[in-house]
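Report on one structure; see the data block that follows.
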Amino acid sequence: MNPILQGVELMLAGMGTVFAFLTLLVLSTLLMSRLVLRFAPDAVVPPPGADAHGPTEDEVAAIAAAVAHHRGRGP
Amino acid sequence: MNPILQGVELMLAGMGTVFAFLTLLVLSTLLMSRLVLRFAPDAVVPPPGADAHGPTEDEVAAIAAAVAHHRGRGP
Amino acid sequence: MNPILQGVELMLAGMGTVFAFLTLLVLSTLLMSRLVLRFAPDAVVPPPGADAHGPTEDEVAAIAAAVAHHRGRGP
Amino acid sequence: MERLSDLWLASGLYQMSWGQAVMIAVCLGLLYLAVARRFEPLLLVTIGFGGILSNLPGAEIATGNGLLHLTYVVGIETGAFPLIIFMGVGAMTDFGPMLANPKTLFLGAAAQFGIFATLLGALGLSALGWFDFSLQQAAAIGIIGGADGPTAIYVAGKLAPELLGAIAVAAYSYMALVPLIQPPIMRALTTARERAIEMRQLRTVSRVERIVFPLLLVLLVGLMLPAAAPLLGMFCFGNLMRECGVVERLSDTTRNALINIVTIFLGLAVGSKLAADAFLVPSTLGILVLGMAAFAVGTATGVLMAKLMNLLTREPINPLIGAAGVSAVPMAARVANRVGQEANPHNYLLMHAMGPNVAGVIGSAVAAGVLILLAGE
Amino acid sequence: MERLSDLWLASGLYQMSWGQAVMIAVCLGLLYLAVARRFEPLLLVTIGFGGILSNLPGAEIATGNGLLHLTYVVGIETGAFPLIIFMGVGAMTDFGPMLANPKTLFLGAAAQFGIFATLLGALGLSALGWFDFSLQQAAAIGIIGGADGPTAIYVAGKLAPELLGAIAVAAYSYMALVPLIQPPIMRALTTARERAIEMRQLRTVSRVERIVFPLLLVLLVGLMLPAAAPLLGMFCFGNLMRECGVVERLSDTTRNALINIVTIFLGLAVGSKLAADAFLVPSTLGILVLGMAAFAVGTATGVLMAKLMNLLTREPINPLIGAAGVSAVPMAARVANRVGQEANPHNYLLMHAMGPNVAGVIGSAVAAGVLILLAGE
Amino acid sequence: MERLSDLWLASGLYQMSWGQAVMIAVCLGLLYLAVARRFEPLLLVTIGFGGILSNLPGAEIATGNGLLHLTYVVGIETGAFPLIIFMGVGAMTDFGPMLANPKTLFLGAAAQFGIFATLLGALGLSALGWFDFSLQQAAAIGIIGGADGPTAIYVAGKLAPELLGAIAVAAYSYMALVPLIQPPIMRALTTARERAIEMRQLRTVSRVERIVFPLLLVLLVGLMLPAAAPLLGMFCFGNLMRECGVVERLSDTTRNALINIVTIFLGLAVGSKLAADAFLVPSTLGILVLGMAAFAVGTATGVLMAKLMNLLTREPINPLIGAAGVSAVPMAARVANRVGQEANPHNYLLMHAMGPNVAGVIGSAVAAGVLILLAGE
Ligand code: NA
Ligand code: NA
Ligand code: NA
């Protein structure tokens, strides 16, 4: 078969699949979100990593800032 | 041979070995401890990891606690 | 060939190559440094690792020291 | 048009079997337990997700040159992953409580009876014609009673790789279920007064003892039972790195980056054994039932051994800590502590239970060595 | 004397070809861009240095039993390295903005047109007789338009390993050049008023949604297009570890030690494909030109799709965020934000652009699956 | 009964040879030195424990499909582990002092005489009939004088894998013994006045110089001696990652998690070469004696070279820093500093000694290249 034709066919199949897949993903995501928000609403949203052991980088940075703040206004 | 008999034999050999091994381990551990405490007593027991470089997770947590404590009672 | 002779030959070739290579390296390093200092002088020398994300071990240590200092002279 | 039909023929929807759909549901269930109930999440998240990937028809991740199959071949067929995990576990293990009271090693020995009783049970069910387990398979099922993930995977990889998926799932699931499985058995076998026994505070253990112990253990296992030497050797190596105090950077990497990396790939590789055609077979049901029995029997014999020791020795032992002898570190020790506090709120058994707990790791590694040696081939 | 001549015959000076000298200069150029201009430094430093090592004649690092060649065989021929990197990327990806506004997934779909247009372009240039790309090669070149390094390397490794060096260099270079390539196209296709559109603030996304989404995605891809399941499966696995909150230690290692280690060896292995005889061929020039076109077309179709959606839906979309649909995470999202602020200083598009940005990752992985399925063999 | 006899026949006690018992004692000695005396603990703990495991009869860890043997095949036969370690060492190395005073490179050249003198010595002992070392073996023994672990393991793996255990143990042991071996030689060859020489403070080195140097070095080695390019190339790659400032996350992982992981497995794999039948042979004694000589000769020629340079150049050099040219980073530089302070308490030689110290690493990698090229095959 003419390679250009093959390419066109591949483009149609490819973009078709990409759009079909992402359309399905949009629909199922919307459905999923609706179901989750109805049946499993979590009032507080713990940030990912909240269960991590030990202080995170951000926390350490916060500590550093706190110390800096304290020292800045110290005697 | 009857597989059940094989199993019984394996159980006897297995539990026998486990107990024999752990009995030997108990005896040699008691002996080892006695020898160590007699010939190589270390007055202070440095916690494992004392040689680690940099602050440990616990130390960082302690720092965080210290800062929090300080801020809590601050003006 | 006599292995000792082979060894002597290898020693001559080896030490010769080592000295030749390192002489070339000295010369090209001197040349490189001269070129760099002329054409690409950087007034401030940022320490390596300055671009690292998050506080470094040293910084955390500094925080720890700061807290310790503060607590030491606290009430 | 032809392209469309190619796409359809290659789709999962077209190719999926009922078994694969069931297995995906099972794996979603494992993930639910891991995430919502925190059942051994490190392993059940990775195994569960690996299981999903392995049941997507056409993805070919768990076959041929697929990543999960290659990982299985490289890491589990060779035994490398469980051994490295065991090294990491060694680098996390504190032998202090056991060294302070070496008698607790006997509790770790007694609890291994669950392994061999289950082995016999598996052979019995086969004799009844309900299942058809060979001696190797029965031994691999028994090791679930060791309550120790890497040991179970190592032994199953050697003796019965075709059952590895079910054995690993059973081992980790029941380890997570220890707080449900053990307390009724512990209460049934003890009086309230026994459960209230307070134990003498443990002595301090010196640094030299901690350093010498892993060397003593590896030499003893080398002399007595070399078949257990790979498992216990790597365990002792990790522990020596931890305790010797001069290779802290290696020890730290071993119990963090290295064990984490290997855990991820171990879990995925075990997941590759959850493909429907291998997992949805009657023997899986047998493995799940027998594995539960293994935990129960081990718990019971651990408690009974503690009671026996109370008859024979002067210093009182709270029999609850015998249940920690199955291992399931540190869950079983926590369970012993909790059940003890129900009977006596001033009772702090946690440290006392850590002794039999780590002894159980040694005990099941020794049992593993015997099984590999005598049931292997 | 003979030894001296051996040394001279074995020296690089004696053996070096012009091509190797040129390639070393090219690699020094890549290193310059990476270090002085911060062009994708993680990959261009490692690829560039690997390229230098591969063009030292007589060193034999990139051939036979040389380290770089072994790394290539173990890590890229098997697909392991790009898949592991993708897992790490998943562990770094926040699907929140996309979940808050799933419509932006369409932008990530539209921008994949760059891939297929480029594929057609490669076949067209071959029909004109300028180059001689097979269908497989054209598909591998097209994937540069996915603007996603690991996807490009994975597809090229499967379909056209002989072009992998050029494709990887093009993909990472153009990802670094996104701030230069995209803005003119974005401005040309939009009015100042469109660029000034402010978007409604995104809703908060719940933790459960974040956990369920990767499972939904992997199941959908398994049902629809299993050929994309390895890539998207590992991506979803990383993301699940990140979001589930119970395996933080695995997630942390995945997005730090593990992805860093694999990046180093991936870069060196890709560098091993920069040997002069494989890289200094006319097709490389074609790949560079076509790759640039792929980015441009994808940017354009992303923007145009956003304009089309504005015609069809009520809630206004700033068409600039369509350009982020090519992926090039997070560079393209930042570019959209910057161009938006030029038109309206109060316009904060960054979060809105992250949706199409990560959608573009999914979109190009789906496209990769189609290409592997239909152009493979 | 039969089972009992199986267990006995499989036990270590039954199978152990005298040689294995001796080797276990030797390994316990290495562990003692590593832990109690802090002799190169990172390597001697891992090698020593690997050696114990390899001498447990019946454990079969260091043979066949045993973990240590597989590790050896994958990591040392391919050269991958020493090369990765060298990359990590590069990421830890500061070339600043050497760049500030490039003349010190000559000291690193002179100290390599220890390598070639030892090679001759090994051939001489063979000519006398005391030992029977081939040219390859003599070259591998000589490289102990490079005082650089990964280089020694890399060369021994290529030229004389059968001697690798003894060579690695000798190299790391003598590196740990540098504070005992070097000072007497340094004092014997210098006057108190020479040792008291203070050196001019080093100039600041710019960031660009630091970045360009590893590139200059890898290109020079590629042009002059490609056989040394794998070693020095990986070393330069690590150093470039360190200095370029844009891939800090890769550089950090390289000098932490990655080098730690590889060190663990390198040590275990080297330990697998400490099995009694390979190690308890007369040639090991020869290797230990020759290795000691290698360190001594290298120290001496380094010091003498510094004295020669003092005759030829204006700016005075403290001859003690010549001893640091053997490498043994950073121990030898510290020794030079300490001996210098004995003669003149205001003398801070540490930074000055770091120049020849890292030059010694380059020098012995070049020597390794020559040996592999001319003695190989
Ligand atoms: Na156990
Ligand atoms: Na994309
Ligand atoms: Na050296």
Side-chain angles (χ1 to χ4, degrees), chain D residues 2-4 6-16 20-21 24 27-28 31-32 34-46 48-50 52-61 65-71 74 253 255-265 267-268 271, chain E residues 74 77-84 86-88 91 154 158 207-208 211-212 214-215 218-234 236-241 243-254 256-262 369-370 372-376:
Chain D
E2 203 193 325
R3 293 307 187 196
L4 269 187
D6 284 0
L7 279 166
W8 168 243
L9 293 177
S11 77
L13 218 53
Y14 174 80
Q15 296 181 74
M16 185 166 289
Q20 290 170 320
I24 289 175
C27 291
L28 289 173
L31 289 174
Y32 174 80
V35 175
R37 299 299 184 83
R38 305 202 165 224
F39 274 24
E40 289 283 333
L42 297 179
L43 269 296
L44 290 189
V45 166
T46 49
F49 204 94
I52 292 178
L53 292 178
S54 308
N55 284 287
L56 298 177
E60 278 158 32
I61 300 175
N65 286 318
L67 182 61
L68 267 53
H69 184 246
L70 294 179
T71 308
V74 168
T253 293
R255 70 177 161 252
N256 289 298
L258 180 54
I259 200 174
N260 290 344
I261 291 172
V262 176
T263 298
I264 291 169
F265 291 106
L268 291 176
Chain E
V74 167
E77 273 187 15
T78 64
F81 284 175
L83 291 177
I84 296 171
F86 228 52
M87 174 171 77
Y154 185 78
K158 297 255 177 217
R207 198 178 147 238
V208 177
I211 295 173
V212 174
L215 293 168
V218 73
L219 290 178
L220 214 58
V221 81
L223 291 178
M224 297 280 294
L225 187 67
L231 271 175
L232 281 175
M234 293 305 281
C236 291
F237 178 50
N239 192 250
L240 179 66
M241 288 198 286
E243 298 294 355
C244 72
V246 295
V247 294
E248 194 52 38
R249 59 180 292 157
L250 301 186
S251 162
D252 181 61
T253 293
T254 303
N256 289 297
L258 180 54
I259 200 174
N260 290 344
I261 291 171
V262 176
V370 176
I372 290 171
L373 180 64
L374 298 184

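Below, chain A is the first sequence line, B the second, and so on; all start at residue 1. Computed from heavy atoms alone, side chains included, the values below leave out hydrogens, waters and symmetry copies.
Residues D:Ala257 and E:Ala257 approach most closely at CB-CB, 4.1 Å, considering heavy atoms. Scanning both residues, E:Leu223 and D:Ser11, for their nearest heavy atoms gives O-CB, 3.5 Å. The minimum heavy-atom distance between E:Ala229 and D:Ala59, with the atom names listed, is CB-CB, 3.6 Å. Closest approach of E:Thr253 and D:Asn256 over heavy atoms only: OG1-O, 4.5 Å.
Residues passing the ring-ring contact (aromatic ring centres under 6.0 Å, His included) test with E:Phe237 are D:Phe49, sequence neighbours excluded. Applying the ring-ring contact (aromatic ring centres under 6.0 Å, His included) test to E:Phe81 and every residue at least two apart in sequence or in another chain returns nothing.
Heavy atoms closer than 4.5 Å to chain E are found in the side chain of D:Leu56, but not in its backbone. Of the two parts of D:Thr71, neither the backbone nor the side chain holds a non-hydrogen atom closer than 4.5 Å to a non-hydrogen atom of chain E. Of the two parts of D:Ala34, only the backbone, made up of N, CA, C and O, holds a non-hydrogen atom closer than 4.5 Å to a non-hydrogen atom of chain E. Of the atoms belonging to D:Ile52, it is side-chain heavy atoms, and not backbone ones, that fall under 4.5 Å from chain E.
Note: D:Leu268 CG to E:Met87 CE = 7.0 Å, rounded to the nearest 0.5 Å. Interatomic distance, D:Tyr32 OH to E:Leu215 CG, rounded to the nearest 0.5 Å: 13.5 Å. Rounding to the nearest 0.5 Å places CD1 of D:Ile261 at 8.0 Å from OG1 of E:Thr254. Between the CG atom of D:Leu68 and the CE atom of E:Met234 there is a distance of 7.0 Å, given to the nearest 0.5 Å. Once rounded to the nearest 0.5 Å, the distance linking OG1 of D:Thr263 with CZ of E:Arg249 reads 7.0 Å.
Of the listed residues (D:Leu70, D:Ile259, D:Thr46), the one with the most heavy-atom contacts under 4.5 Å to chain E is D:Thr46. Contacts with chain D were tallied for E:Leu250, E:Asp252, E:Val247; E:Leu250 has the most, counting heavy-atom pairs under 4.5 Å.
Between E:Val218 and D:Leu53 there is a side-chain heavy-atom pair separated by less than 4.5 Å.
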